[in-house]
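Okay, so here's the structure we're looking at.
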Amino acid sequence: MDVAVLSASMTPFGERDAWIQELLAEAALDCLDDADVHPDALDHVYVSNMASGEFEGRTGVMNALVADIGATPAYAQRVGQTSASGGAGLYAAWQSIASGASEMTLLVGGEKMTHTTTGDSSDIIASLTHPVEYSHGVTLPSFAGLTARAYLDRYDVPRESLAEVAVKNHDNALDNPNAQFHKEITVDDALSSPVVADPLRLYDYCPVTDGSSALLFCPVSVAEQYTDDYVELSGVAGASDTHVVHEREDPTWMGAVAESGQQAFEMADCEPKDIDVMELHDMVTLLEPLELEALGFADRGEGWRFAAEGKTTRDGALPVNTSGGLKARGHPLGGTGVAQAVEVYDQLLGRAGKRQVAADRGLTCNVGGFGNCVTTAIFERGA
């Protein structure tokens, strides 16, 4: 069964007074209002969330959401897949519609993070690493630093090329009213910011974030009863890589990105050349070129050239992270993969305002950990 996205919404990202239940309900109700669908029409409700228990001491957020928005007796399920929870939620929502089990499925992703200290939030996130690595103090920023050093040295990559990713994504966020940062930065700003994990600096990393986002799914045949303006989820796939990063043959190659991307392209019956806009998982600037390579848009060791040469700007040949990406839109863990899809939905339907690019087909790639698990999805403007 062909699966449509009927509506989409996201809350402002950043430091919010609201807690997780309020954030989820805010995005959910906005999404339903956008489609003029009553909550009692929902069959399934999925909540993408990594760590509400660890961050807030709150579990059962999916059941609470169904009650809060008046969607009982809809089936509720929490989807947790670390920082790829949002992408995993896309896959679950697609399955619920494609299987015929549901005719109207709501997906909401979100996280509340900013009330914790940087150390506490880093520790919660680092818990997704292998226990042996975690016991030695390994964190995702340190993985990123080690991989960046290997990538820069192996392919003789200029350090400035990673700073160009940060500059581009901050520029895009300036025109996104829901983005966490509305601050222009320069390459010099990025290169002179404090060192986090050499050679990477503060402006190479995304922030901790509060926020949520939502998508409403249904069969294409049902979407056509509501509107002519809908988006089809034409390809979606997930894959995993080794849990222990140092067991990979090449840490600069994102195998789960490549595998999920290949499957998604096959399902959507298209190729990289057919993609007009992308939202990639730039938890750290290095990941944007690595994902471009693994997805087949760039040769190995050449992905860094895209930002450096302006190919991925909004007026470039392949706009990437028009929302500002995780880097500047923000990264509320469970909400990120959903927010990526919200941006692509808005681009395909011409709702992106100043960020608008010409696009008929878009791609999202949501990464868990340092490539431990990945979901890639391809969206097309409805017929």
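Reckoned from all heavy atoms, side chains included, excluding hydrogens, waters and symmetry mates.
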If Ile, Leu, Val, Met, Phe, Trp and Tyr residues are connected whenever their side-chain heavy atoms lie under 4.5 Å apart, and connections chain through other members, are [X] and [Y] in the same group?
{"X": "L363", "Y": "V367", "result": "yes"}
{"X": "V320", "Y": "F297", "result": "yes"}
{"X": "I124", "Y": "L140", "result": "yes"}
{"X": "V165", "Y": "V167", "result": "no"}

A side-chain contact here means heavy atoms from C-beta on lying under 4.5 Å apart; do [X] and [Y] qualify?
{"X": "P289", "Y": "F306", "answer": "no"}
{"X": "P141", "Y": "Y205", "answer": "yes"}
{"X": "V342", "Y": "L215", "answer": "yes"}
{"X": "D171", "Y": "E184", "answer": "yes"}
{"X": "V208", "Y": "T116", "answer": "no"}

Answer yes when [X] and [Y] have at least one side-chain N-carboxylate O distance shorter than 4.0 Å, and no when they do not.
{"X": "D34", "Y": "R351", "answer": "yes"}
{"X": "D276", "Y": "R361", "answer": "no"}
{"X": "R305", "Y": "D299", "answer": "no"}
{"X": "K327", "Y": "E288", "answer": "no"}

Step-by-step salt bridge (Lys or Arg N to Asp or Glu O under 4.0 Å) determination, D250 to R154: CA-CA 11 Å; D250 180 358; R154 178 181 303 175; 2.9 Å; yes
Run the side-chain hydrogen bond (donor to acceptor under 3.5 Å, both in side chains) test against [X] and tell me which residues pass, sequence neighbours left out.
{"X": "S213", "answer": "none"}
{"X": "D40", "answer": "H38"}
{"X": "T72", "answer": "none"}
{"X": "E293", "answer": "Y151"}

Euclidean distance, [Y] [atom2] relative to [X] [atom1], rounded to 0.5 Å:
{"X": "I378", "Y": "M278", "atom1": "CD1", "atom2": "CE", "value": "10.5 Å"}
{"X": "L162", "Y": "L152", "atom1": "CG", "atom2": "CG", "value": "5.5 Å"}
{"X": "T375", "Y": "W94", "atom1": "OG1", "atom2": "CH2", "value": "12.0 Å"}
{"X": "T313", "Y": "N321", "atom1": "OG1", "atom2": "CG", "value": "12.5 Å"}
{"X": "T376", "Y": "L280", "atom1": "OG1", "atom2": "CG", "value": "9.0 Å"}
{"X": "E279", "Y": "C365", "atom1": "CD", "atom2": "SG", "value": "11.5 Å"}

Between [X] and [Y], which heavy-atom pair has the shortest distance, and what is it?
{"X": "T209", "Y": "G14", "answer": "CG2-N, 3.4 Å"}
{"X": "S102", "Y": "D43", "answer": "OG-CB, 3.3 Å"}
{"X": "A256", "Y": "S240", "answer": "CB-C, 3.8 Å"}
{"X": "A223", "Y": "Y230", "answer": "CB-CG, 4.0 Å"}
{"X": "T82", "Y": "G369", "answer": "OG1-N, 3.8 Å"}
{"X": "P39", "Y": "G70", "answer": "CB-O, 3.5 Å"}

Under 4.5 Å side-chain linkage, directly or through intermediates, the cluster mates of W253: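 Hydrophobic cluster check, W253: no partners found.
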For V108, the rest of its hydrophobic cluster, which grows through side-chain links under 4.5 angstrom: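 Traced through the cluster, V108 reaches L6, I20, L24, L29, L32, V37, L42, V45, V47, V61, M62, L65, V66, I69, M104, L106, L216, V222, Y226.
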Looking at [Y], is its backbone amide N or carbonyl O close enough to the side chain of [X] to form a donor-acceptor pair, meaning the two atoms are under 3.5 Å apart?
{"X": "K183", "Y": "A328", "result": "no"}
{"X": "S193", "Y": "A190", "result": "yes"}
{"X": "D30", "Y": "A27", "result": "no"}
{"X": "R248", "Y": "H243", "result": "no"}
{"X": "D210", "Y": "E15", "result": "no"}
{"X": "E164", "Y": "G310", "result": "no"}
{"X": "N172", "Y": "S323", "result": "no"}
{"X": "S48", "Y": "S85", "result": "yes"}
{"X": "Q356", "Y": "A352", "result": "yes"}
{"X": "N176", "Y": "A173", "result": "no"}

Under the salt bridge (charged side-chain N to carboxylate O under 4.0 Å, His left out) test, residues paired with D198 that sit two or more places apart: R149
Per the ring pair (Phe, Tyr, Trp, His ring centres under 6.0 Å) rule, what does the pair list look like for [range], sequence neighbours excluded?
{"range": "residues 354-383", "answer": "none"}
{"range": "residues 108-128", "answer": "W19-H115"}
{"range": "residues 47-82", "answer": "H44-Y75"}

Residue pairs fulfilling side chain to side chain donor-acceptor pair (under 3.5 Å) with at least one residue in residues 53-62, sequence neighbours excluded: Q21-R58
Side chain to side chain donor-acceptor pair (under 3.5 Å) contacts touching residues 336-345 (sequence neighbours left out):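 Matches after skipping sequence neighbours: T322-E343, H331-T336, E343-Q347, E343-R355.
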No-hydrogen, no-angle side-chain donor-acceptor test under 3.5 Å, T11 and E26: no
Worked verdict on L290 versus T147 for side chain to side chain contact (heavy atoms under 4.5 Å, CB included): CA-CA 10 Å; L290 292 188; T147 307; 4.3 Å; yes
